[in-house]
Every structure is written in C-alpha cells, then in structure tokens.
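In what follows, every chain begins at residue 1, and chains take the letters A, B, ... in the order their sequences are listed.
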Amino acid sequence: MSKFQTSIPRGTRDFPPEVMIKRDYLFEILKSVFEKYSYLPLETPAFEMLSVLEGKGGDENEKLMFRILNSGDFLQPLAQSYNPENLFKNGYTEFSSLIAEKGLRYDLTIPFARFVAMNHATLSFPFKRYQIQPVWRADRPQKGRYREFYQCDIDVAGSKSLFYEAEILVVIRNVFEMLNIKQVTTFINHRKILLGVTQALGMENKFFEITDIIDKMNKIGMEKTLNELSTIGMTQENISTITGMFSIFGSFAEKLLTLINLFPDNKNISEAVSDLNMLYNYAKAMGIEENEFQIDFTLARGLGYYTGVVMETKIKEDAISICGGGRYDDLTGVFGLTGVSGVGISFGAERIYDILEEKKLFPETDKSKVSVLIASMDSQGEIAGVRLLAELRKKQIRAVILPGESKLKKQLAYADKNNILFVLILGPDELANNSFTLKNMTTGEQKIVGSLEEVYTNISNNPDNLKQ
RNA sequence: GUGAUUGUAGCUCAGCCGGUUAGAGCAUCAGAUUGUGGAUCUGAGGGUCGUGGGUUCAAAUCCCAUCAGUCACCCCA
C-alpha cells in the first residue's frame, strides 16, 4: 500500500453510510413531527453577508465566525486606497473586514430573521418554519462539540401568543416519544423575572453579569454562585433575597405565587408571571402533563436576544441539555423590521444522536439497505445475473451484483461484510437446470428454487427485510 | 482566547532509564478449501517513529521549536 496523506479539519467529520443511516432516521423523525405541527421547511445559504451576521450575537459569536476571503485580487484595491503603514494599525478585525465580506452562518436564527425581514411583505404571519442545516463555529472542539454541526430549529415569527411556547412543549414531547427517549423534562423561566429581580435589588445595570452567574448555578453549586455574586458587589441582604428565590419549591403555580409575593410591586415580574400562567393554561389544554415541564428560576440561557420565556430540555438522569430556546420580542429589529415577535427552539441533534447511540435506541433493521447479492461464476452466469438484477429491481427488491468476479468465495465474503441478507447463486449447474440457489446469509441455509416468483416470496417473507 | 495531554503500520497500541535489522493485536491480501461468507491455521505486504533543529560515537527514546490530534475552561448545540 502506498503512503498517502489525508486529513479533515479539526472538528469536522465524515459520516460513513452506517452513520448516515442513523442520522437520517433521527432527522426524518424530527421532520415528520415538525411537519405534523405545521412548520414549513426552509433552507438558507451556508454563507451570508457579514453585514447580516455581524453585530447580532455578541462579540463571542463573531470571534467564532469563519470568514470567507473575497474572490479575485482583493489586495489591489487595498493597495490603492490604504497606506501600508495604516493597514494593520487597528488590528485584525478591521483588516479582515477589508478582505472578507461573507461568512459562514453560526446559527439558524439570524438567517431566519433575515429571511423574515426580507420577505415580510409576502409571508403570512404567524410564519412557522423548521430548518435542519449545518452551521459552523471556529471554536476549539471537545467531546460532543464540533466546528461543523447540524442545528434543527423550529421558530414562529409574528405572534406574541404564549400558545406557541406551549405548542413547542408538545413538539418536544412528540419528538422524544417517537425516539423512545424517556424522562425528559423542560425547564422554563422568563427573562423578565431575572430582569425584575435585578431591578428590585437596584442592580439593573449588572443584569447580564448576574444572569450569567446564576445560569451556572446548577453547574457550580449554590455556594460558589453566592460567592461570585458578592464579588461583583452584591450586598449580603440582596444575596439572601436571591437565595430565598432559589429556594422556592412546589408546583408550577405555587412557585409563581411565592415569587409574586416576594416581589409584589415589580412590573416585569408580574408580566412574566402572567405570561407563565398563560403558558401553563395552554399547555394543560393541549394535554401536557405536570411532570413534563417545571419552572427553574436559575435558567437564563446565554443568548442576548431572548426577552421572554426561555426553555431548556434535559434528560433527568444525565442532566444534559438536549433542546434550548425561547422568545425574542424583536427578532427582526436589527434588519429594520420592528414589532415581529419570535419564539423558537433548537434540538441538539448531535447530542441526541449520542444519546440514541448510548441507549441503543436506533432501530436494528435496515442496516445494510441491500437485500440480495447475485453471484455468478462465469460470463454466461453474469449476463443471466444482470438480467435477473433488472427483474428484482422492477419488483422493488434491492439487489446488487459484483461484475467481473467469478470466485464464489469473494462474493459471499462481500455479502457477509455488507450485511446483505441473501445471495442468489447462478452457477453453471443452476443455468443448466434453469433454477437458482438462494442462500440466507443470516442462517446459512440454502435451497434450490425453480422460479423467480419463489425467489421473490422468500425474500419478501424475511422478517429482516420488511423495510424497503 | 487559557490550560493539560498525546503524536510509532490502514486502526488500537507496546517499545521511551539512549545501544544490532522498530514490535504485537486487529484489518488487508494470498493460500490451506478450483461451487460457499463468519471460525481456525499458514504466509505475505505495509514504517524516512508528526515535522525541523540540537545534544551524542550512537536518538523512536533526551532537549528545544513547530505542526497536528484529544480533553478541560470560556462559550455553546
């Protein structure tokens, strides 16, 4: 074997056939559920103008963005209008804006917002779409995280109704039911609760810092959280108020009641509580059970644009987040279209895939996708085999042949390695007798059959072969 | 962006107190078996030890640099 050098960029993956079959299974379920709830398919370009992508997700995201170098001689115009000494003076971000005007998308929400803003005149609202496409982030990959990965988003644009938050809970339930993933819970909070609390404590100016810290609460624990709060200057009194808030237990309604008693005069908190009550009523009306969702006052979710309900779905036993989303009141505002409220959620396909793998929840059938290999031993048999191949394919049976191969051993080994269920042998004896030898590769049994009809019946009746 | 760790055959790794010709398992190919896969046995091919430099009589082994992978942090799906 000669030496060759190949590699793929860090954080990217090939998806070989056996993996693609499983990924397709997952994506098909997501699509079918999304469509059941009347979300419409949408795809947008892999790359967008930097003017669309920049300034939307905060500095963090921009650092993680892959930029696309302008085509052609991008240096020529620079040389004409810039003094070389000034070119690099203001750092790489300014320089890169001179040589790149496109970038790969790093999420699906911003392209969606752009699409809505661009087409608002022709869309009818509320507009519900789903989108399953890869996104790219230039950060350092680690376990379960990649630089190219798929996002599966559903969003509703143009309605403020909490009905859609509740409907999203139904979609989540339905998806995980179909995937046989049990014990999922969706944690719910409202950004206005966090905002109201910081207001009530007189620390509104530190809203983002505070939400950041309490968002990590489940990860780093109560003690460290309180520590961090005091390091940003929160008084002991305020900290104990926060502690009190985190210690609220009980049902959905009880938690809200306790909260409103703690902060009776805050407008944001009363709005949030009213929203959450509305969500609760819609959810119950749609048949969502009490154990499928619960309030978590520590849930913040990092993204800057959330303004209302935020949610995150986890599996109870491993506390890994598998879905996350929320409402953004002014999704399209940055594109000049104000007053369009959006709510959406993203399914973490890569993580869900890992869970299905861990829990062995992928269906066993349909591994190979090929039902029959036609084996021959000479050119006469090969031609007869090719004719047979065409017949089988007409009957929707997945069949293959190894042209130019006369060794039966090799043909059987190929069928074995590729999980092909049957081998149909067409040797000189069979040709002479006008028959076929049909070998079942799973059991090893083989029998001589006289007609194509019989072959067809045998293959169709195999329980492993139900899926075509 | 920060920190840790690892680079030896297609894959997983051993060898690393410097010392002949760098090993194993799996995989591949051939044969045992010229009409029968998985199992077994026999044999074969496959390496500038990530790259560059340094120390030394001598480097896969020690030192430095560099590149790449992995993991964790930040952030996030």
Side-chain angles (χ1 to χ4, degrees), chain A residues 1-13 16 26 30 57-65 92-93 105-109 131-153 208 211-213 215-216 219-220 300-304 306 312-314 320-325 344-355 368 373 375-378 381 402 405-433 436-448:
Chain A
M1 199 165 285
S2 65
K3 58 180 174 181
F4 49 89
Q5 284 269 307
T6 53
S7 65
I8 55 175
R10 165 171 45 171
T12 64
R13 297 156 291 169
L26 171 58
L30 289 169
D59 286 350
E60 230 17 271
N61 279 336
E62 280 179 41
K63 274 184 203 158
L64 299 179
M65 188 161 60
Y92 76 95
T93 38
R105 59 162 176 251
Y106 52 81
D107 74 6
L108 298 179
T109 306
Q131 191 168 356
I132 299 176
Q133 285 191 278
V135 303
W136 296 267
R137 291 185 194 173
D139 65 351
R140 286 206 189 164
Q142 49 187 289
K143 200 171 190 64
R145 292 181 49 188
Y146 307 93
R147 296 208 294 179
E148 175 184 66
F149 63 96
Y150 275 71
Q151 285 197 330
C152 309
D153 281 23
F208 285 105
T211 52
D212 240 31
I213 292 170
D215 194 32
K216 283 187 279 184
K219 210 172 181 181
I220 64 176
R301 295 198 51 81
L303 294 174
Y306 289 127
E312 198 163 292
T313 304
K314 291 178 180 175
I320 294 173
S321 169
I322 47 179
C323 290
I345 194 159
S346 183
F347 287 79
E350 315 291 350
R351 283 181 186 173
I352 294 170
Y353 180 96
D354 288 345
I355 289 163
S368 86
L373 178 126
S376 63
M377 271 119 92
D378 51 34
L402 288 180
E405 180 56 65
S406 59
K407 284 188 179 169
L408 191 53
K409 184 187 171 75
K410 287 219 171 183
Q411 298 176 74
L412 286 164
Y414 181 90
D416 186 45
K417 261 179 212 157
N418 291 285
N419 293 310
I420 296 172
L421 301 167
F422 292 95
V423 173
L424 199 49
I425 301 171
L426 263 184
D429 296 352
E430 285 84 355
L431 288 177
N433 299 331
F436 316 99
T437 297
L438 184 66
K439 183 177 173 92
N440 180 324
M441 294 300 283
T442 318
T443 62
E445 293 170 56
Q446 64 184 54
K447 56 181 167 183
I448 294 167

Practice task
Name the nucleic acid region contacted by A/Gln151, choosing base, sugar-phosphate or nothing; use a 4.0 angstrom heavy-atom cut-off, strictly under.
Solution key: sugar-phosphate
Practice task
Could you check how far CD of A/Glu430 sits from P of B/G35, rounded to whole Å?
Solution key: 12 Å
Problem - Euclidean distance for P, B/G50 against B/C57 (whole angstrom) - result: 25 Å
Exercise for the section: Mark yes or no for a side-chain to base donor-acceptor pair under 3.5 Å between A/Arg145 and B/C75, with no hydrogen or angle criteria applied. Expected result: yes
Practice task
Could you check which of B/G35, B/G37, B/A77 has an atom nearest any side-chain atom of A/Ala413?
Solution key: B/G37
Practice task
Quote, to the nearest angstrom, the C1' distance that separates B/C64 from B/G45.
Solution key: 38 Å
Exercise for the section: Check whether the side chain of A/Arg140 and the base of B/U2 form a donor-acceptor pair under 3.5 Å. Expected result: yes
Problem - Watson-Crick or G-U wobble partner of B/G38, both distances under 3.5 Å - result: none
Completion exercise
Sorted by position of nearest nucleotide on RNA chain B, 5' first, the leading residue of A/Asp139 and A/Asp429 is A/Asp429
Practice task
Once you apply the 3.5 Å cut-off to both distances, tell me the Watson-Crick or G-U wobble partner of B/C17, or none.
Solution key: none
Exercise for the section: Identify the nucleotide, in any strand shown, that forms a Watson-Crick or G-U wobble pair with B/C62, with both distances under 3.5 Å; if there is none, say none. Expected result: B/G54
Handout entry: Any A/Lys407 side-chain nitrogen or oxygen under 4.0 Å from OP1 or OP2 of B/A30
Key = no
Practice task
In whole angstrom, give me the gap between the C1' atoms of B/U21 and B/C63.
Solution key: 28 Å
Problem - Donor + acceptor pair across side chains of A/Gln446, A/Thr437 (<3.5 Å) - result: no
Handout entry: A/Arg145 bridged to A/Asp139 by N-O distance under 4.0 Å
Key = yes
Exercise for the section: Please state the C1' separation for the pair B/A4 and B/A58 - nearest whole angstrom. Expected result: 34 Å
Exercise for the section: Please work out if A/Lys417 contacts a base, only the sugar-phosphate, or nothing of the nucleic acid, heavy-atom cut-off 4.0 Å. Expected result: sugar-phosphate
Practice task
Just call it for A/Gln411: base, sugar-phosphate, or nothing, with non-hydrogen atoms closer than 4.0 Å on any strand.
Solution key: nothing
Handout entry: Touch class at under 4.0 angstrom, heavy-atom based, for A/Gly324 against every strand present
Key = nothing
Practice task
For B/G53 and B/C49, measure between their P atoms and round to the nearest Å.
Solution key: 13 Å
Problem - Identity of whatever pairs with B/A68 - Watson-Crick or G-U, under 3.5 angstrom - result: B/U6
Handout entry: Check ion pair A/Arg13-A/Glu350 (N to O, under 4.0 angstrom)
Key = yes
Practice task
May I ask which nucleotide in the shown strands pairs with B/G1, Watson-Crick or G-U wobble, both distances under 3.5 Å?
Solution key: B/C73
Exercise for the section: Using the C1' atoms only, state how far B/G15 lies from B/G19, rounded to an integer number of Å. Expected result: 14 Å
Exercise for the section: For A/Phe347, answer base if it contacts any base atom (sugar-phosphate contacts may also be present), sugar-phosphate if it contacts only those atoms, and nothing otherwise; contact means non-hydrogen atoms under 4.0 Å. Expected result: nothing
Practice task
Could you give the distance separating B/G46 and B/A22 at their P atoms, to the nearest angstrom?
Solution key: 13 Å
Practice task
Look at the side chain of A/Lys439 and the base of B/U36, then say whether one donor and one acceptor between them are separated by less than 3.5 Å.
Solution key: yes
Problem - Nucleotide forming a Watson-Crick or wobble pair with B/U48, both distances under 3.5 Å - result: none
Practice task
For A/Ala415, answer base if it contacts any base atom (sugar-phosphate contacts may also be present), sugar-phosphate if it contacts only those atoms, and nothing otherwise; contact means non-hydrogen atoms under 4.0 Å.
Solution key: nothing
